[in-house]
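Written out below as structure tokens is the structure these notes cover.
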Amino acid sequence: NCRNEYITNVLDDSVGELGIMSWVFGLHLVNNGVQSDKHNADSIIAQLLSMQLPDGGWAVRGEVSDVDVTSMTIQALAPHCGDENVKAAVDKALNLISVQQLSSGAFSSYGIENAESTAQVIIALSALGIDCRTDERFAKDGRSALDGLLQFRLEDGSFAHEPDGAYSHMATGQSLNALISLKRQCSGQGSLYVLDPQPDNTVVFIPGASDSDTESK
């Protein structure tokens, strides 16, 4: 199928070519069964572990980690924590994230307390089966990471980028992903980025849609 071929080509041609995030998203593809002659889980994991900074996290550039990049890397590595080397790297990163948490329960990036960084932490914790509401490592002054995220929630249910800020499309989308991740973790459904197994590959035809709009489930 042309869609599977496109995804495989992305794995072959893009992973490692666009910095650390291309390794992260490449591992997400492999975690969901995409195969490649060029990359596999072991090779991508080895590369990500080699990119871990001395402080325990990861960053797009430089020697000081960023909470967003660190959390996104954990999200991709989470299914592989049965490997002791992966677990050791993730544990080191979790210790760093715990230290980086603010007294509000939220997190900051480039010196700005924001919803997106907090959301990425919650997604990472949920992928590891860690309840961000109750784990003492991720609570400061009685405020959990979830408390930190909810301070960005506006009256209409959307989220702002900064405390007391206005609606942000990106903050709302990432916060929704965090809440879905927590819900999945609480119900034992697993990581947001590992697709649930489907019973078959039945093609679903959408009334009025063109052939290109049909979906397989």
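Throughout, residue positions are numbered sequentially from 1 according to the sequence presented.
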TODO: State plainly whether one hydrophobic cluster holds both V60 and V67, where clusters connect Ile, Leu, Val, Met, Phe, Trp and Tyr through side-chain heavy atoms under 4.5 angstrom apart.
DONE: yes

Task: F25 with I20, same ILVMFWY side-chain cluster at under 4.5 Å - done: yes

Open item on the list: Closer than 3.5 angstrom, by distance alone: can the side chain of S22 be matched with the main-chain N or O of G19 as a donor-acceptor pair?
Closed with: yes

Open item on the list: Under the rule for salt bridge (Lys or Arg N to Asp or Glu O under 4.0 Å), what residues qualify as partners of D42, not counting sequence neighbours?
Closed with: none

Task: Any residue meeting salt bridge (Lys or Arg N to Asp or Glu O under 4.0 Å) with D13, in chain and number order, not counting sequence neighbours - done: none

Task: Any donor-acceptor N or O pair under 3.5 Å, side chains D147, S144 - done: yes

Open item on the list: The criterion is side chain to side chain donor-acceptor pair (under 3.5 Å); which residues satisfy it with H161, sequence neighbours excluded?
Closed with: E116

Task: Counterpart residues, side chain to side chain donor-acceptor pair (under 3.5 Å), relative to H80 (two or more places apart) - done: N31

- [ ] Mind checking the OG-NE2 spacing from S191 to H28? Nearest 0.5 Å is all I need.
- [x] 7.0 Å

Task: Spatial distance of atom CG (L176) from atom OG (S158) [nearest 0.5 Å] - done: 11.5 Å

N/O donor to acceptor pairs below 3.5 angstrom from side-chain atoms of residues 118-127, sequence neighbours left out:
unit_1 : atom_1 : unit_2 : atom_2 : d
T118   : OG1    : F107   : N      : 3.0
T118   : OG1    : N114   : O      : 2.9
Q120   : OE1    : Q75    : NE2    : 2.9
Q120   : NE2    : Q174   : OE1    : 3.0
S126   : OG     : I122   : O      : 2.9

- [ ] Tell me, yes or no, whether the heavy-atom count around Q35 atom CD, taken from other residues, nucleotides or ligands under 6.0 Å, exceeds 12.
- [x] no

Open item on the list: Could you go through D131 and L182, starting from their C-alpha distance and side-chain angles, then the distance that decides it, and tell me whether this counts as side chain to side chain contact (heavy atoms under 4.5 Å, CB included)?
Closed with: CA-CA 7 Å; D131 193 328; L182 178 58; 4.0 Å; yes

Task: ring-ring contact (aromatic ring centres under 6.0 Å, His included) partners for W58, two or more places apart - done: none

Open item on the list: With a 4.5 Å cut-off on side-chain heavy atoms, are L94 and I130 touching?
Closed with: yes

Open item on the list: Apply side chain to side chain contact (heavy atoms under 4.5 Å, CB included) to residues L48 and L27 and explain how you reach the verdict.
Closed with: CA-CA 9 Å; L48 286 173; L27 185 53; 3.9 Å; yes

- [ ] Compare every heavy atom of A115 with every heavy atom of L149, then report the nearest pair and how far apart it is.
- [x] CD1-O, 3.7 Å

Task: Contact summary for D55 and E63, nearest pair of heavy atoms - done: OD2-O, 4.3 Å

